Amino acid sequence: MNAAKRYFTSIFKAIVALLKGMKLTGSYLVRPSKILTQQYPENRDTLYIPQRFKGRVVMPHDENNEHNCTACTLCQLACPNGSIQIISKNIDMPDGTKKKVLDRWVYNLGSCTLCQLCIDACPSDAIVMDNGFEFSVYDKSKLIYELNRPGSRLKEKKTEKQA
Amino acid sequence: MEQHIESHIIQSSDDEFIINVGPQHPSTHGVLHLQLKLDGEKIVDLRPFLGYIHRGIEKMSESLTYKQFIYLTSRMDYLSAHINNQACCLVIEKGLQTEVPERAKVIRTLMAELTRLASHQLWWGSTGLDMGAVSPFFYAFREREMILEIFEETCGSRLTMNYCVPGGVMNDIHPDFVRKVKQLIKQFRENIHEYDELLTGNPIFQSRTQGIGYLSKEDAIALSCSGPVARASGISCDVRKKNPYDAYDRVSFDEIIATEGDCFARYRVRLEEMKQSMNIIEQLIDNIPTGEYRTKIKGIIKLPVGEYYQRVETARGELGVYLVSDGSNKPYRIKFRTPNFSNLGALKPMSLGGKIGDLVAIMASLDLIIPDIDR
Ligand code: SF4
Ligand code: SF4
């Protein structure tokens with residue numbers, strides 16, 4: 001008799017507890033303002049992405065198509081995954097000397113872990129992180145980018161401009 | 001070799017049978033493979049098989065420089081990614097004998113506690129999920145999302161942030177950081193009663209966890225368990241108290257200890273730990289010292305020849321980083337003493353003699369992260 005009583009009380013208690021949980025869930029049904037679910041990609045325009053969000057490495061260019069990269073390869077050495085390859089070339093300067101400048105800044109997004117070590121290592125602030133995140137492609141060779149734009153060159157140093 | 005493997009595979013007699021749980025099983029949260037010997041529903045023997053997600057992080061670290069290998073440790077216990085990074089930075093700083101700015105210490109500690117909160121919230125949600133309650137998962141993710149947003153704003157990523165660097169932290173905190181953290185604490189304190197309503201007080205949940213998966217204090221010590229698993233068996237082992245690092249020496253908080261040693265005790269310990277984490281955050285958030293957030297370490301880091309060890313308390317227990325340096329710019333050898341590997345050893349004494357249905361509850365209460373076991 002006692003066992004049967006215990007058995008039914010435990011079922012009753014469990015149902016009460018389930019209803020308690022359901023009550024909490026139901027309370028959110030009537031308070032839609034408290035619901036936090038976001039509808040991506042419908043809300044793509046209003047999506048909040050913090051400014052520091054690490055999406056991929058990019059190289060900012062100014063209006064004259066000039067960047068800050070001196071081809072020092074410090075970022076290439078800092079990268080733990082070998083995602084960066086700096087290809088430089090020698091050009092002839094007007095005064096007859098040769099100067100090493102950046103030819104291609106090859107970046108492999110596919111093997112980049114977005115650790116920010118390259119940006120941390122760069123002494124000239126030539127690269128930054130972009131906020132983009134929709135980078136899926138069908139072929140991994142498309143994940144290899146060349147960050148310096150065609151025809152771009154190194155920005156003249158400020159000190160030289162002032163002089 | 002063949003014989004060696006044979007002896008590790010459980011042999012069965014006629015009235016017992018063997019089943020394999022995993023490596024692709026939803027309740028193992030990863031690629032853990034368990035072989036069970038059952039007598040009816042009773043577990044008679046249990047053997048875990050590891051190695052399905054071994055990536056050789058320790059070996060890889062030997063070919064990376066001191067600055068580079070840190071990011072790899074985020075991939076061990078990915079829910080305590082920041083705390084793993086912190087341990088590596090602390091061990092390097094110990095070798096270099098650099099002093100970290102006060103501001104960086106406090107920021108690191110705050111981030112570590114936020115990581116612990118986020119990790120415990122995920123665990124709470126998945127515990128519910130493992131036992132058949134789907135709603136808790138969404139409640140847990142509500143607060144967790146706020147924490148991840150804070151991480152995203154300050155560190156730039158949500159999970160594997162690589163925010164700690166030797167000498168401090170990568171960036172200064174976001175201008176909104178203090179406000180958002182305060183808002184999070186306020187909201188979480190308001191909402192934590194929902195956690196009790198949904199799971200803690202539920203008789204179904206209680207009957208599935210109380211008295212299940214008992215781990216005695218002696219076993220816990222013998223198996224070198226740590227973290228909430230050991231504390232639920234009555235062992236005081238919080239590294240934050242015993243061996244304070246960064247800013248833990250200036251905060252006061254309680255070490256949560258339970259003596260029952262069952263699944264419910266481990267559940268309660270983690271739930272209380274969340275409240276203690278909030279206490280720690282509240283003490284620090286208004287007193288972030290001004291000043292530098294990072295001492296720049298110039299050039300290539302080279303540790304003096306020697307051995308260095310640092311332990312920290314991750315969300316799952318004690319993580320030890322043992323580093324041997326031969327004076328070059330790369331570690332000679334790194335060994336991680338990860339909490340999940342030791343805690344996994346407790347699975348057998350907990351589940352022997354129990355029902356196979358209890359195994360899921362026991363694994364949920366152990367809060368295993370498989371990549372941390374394999375590394
Ligand atoms: S973010 Fe890290 S992995 Fe990516 S290119 Fe820079 S250094 Fe390499
Ligand atoms: S991006 Fe910076 S670190 Fe890399 S080569 Fe250019 S200047 Fe050097």
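Chain naming here is simple, since letters A, B, ... match the order of the sequence lines and numbering starts at 1 in each. Keep in mind that this is a model prediction, so the values were computed, not measured.
Neither the backbone nor the side chain of A:Leu74 comes within less than 4.5 Å of any heavy atom in chain B. For B:Tyr139, the part lying near chain A is the side chain, with the backbone staying farther off; criterion is any non-hydrogen pair under 4.5 Å.
Within 6.0 Å of NZ on B:Lys186 lie no more than 12 heavy atoms contributed by other residues, nucleotides or ligands. For B:Ile300, the CD1 atom counts as loosely surrounded, since its 6.0 Å shell holds 12 or fewer non-hydrogen atoms of other residues, nucleotides or ligands. For OH of B:Tyr332, the number of neighbouring non-hydrogen atoms (other residues, nucleotides, ligands) closer than 6.0 Å is 12 at most. Counted within 6.0 Å of CD on A:Gln51, heavy atoms from surrounding residues, nucleotides or ligands total 12 or fewer; the atom is thus considered open. At most 12 heavy atoms of other shown residues, nucleotides or ligands fall within 6.0 angstrom of atom CZ in B:Phe138. Atom NZ of B:Lys180 is surrounded by more than 12 heavy atoms from other residues, nucleotides or ligands within 6.0 Å. Under a cut-off of 6.0 angstrom, the local environment of CZ in A:Phe133 is crowded, with over 12 non-hydrogen atoms contributed by other residues, nucleotides or ligands.
Distance CD/A:Gln116 to OH/B:Tyr71: 14.5 Å, rounded to 0.5 Å. Note: B:Thr65 OG1 to A:Leu77 CG = 9.5 Å, rounded to the nearest 0.5 Å.
Judged purely by atom type and a 3.5 angstrom limit, A:Lys54 uses its side chain to pair as donor or acceptor with the backbone of B:Met161. A:Arg52 contributes a side-chain N or O that, together with a main-chain N or O of B:Thr154, makes up a donor-acceptor pair within less than 3.5 Å. In this structure, B:Gln68 contributes its side chain and A:Ala78 its backbone to a donor-acceptor pair below 3.5 Å.
Contact count against chain A (heavy-atom pairs under 4.5 Å) is highest for B:Asn171 among B:Asp176, B:Ile70, B:Asn171. Contact tally against chain B (heavy-atom pairs below 4.5 Å) for A:Thr113, A:Val16, A:Leu114, A:Ile49: the top residue is A:Thr113. The candidate from B:Arg142, B:Arg158, B:Gln206 with the greatest count of non-hydrogen atom pairs under 4.5 Å with chain A is B:Arg142.
A:Tyr48 is listed as a side-chain neighbour of B:Glu153, based on a closest heavy-atom distance under 4.5 Å.
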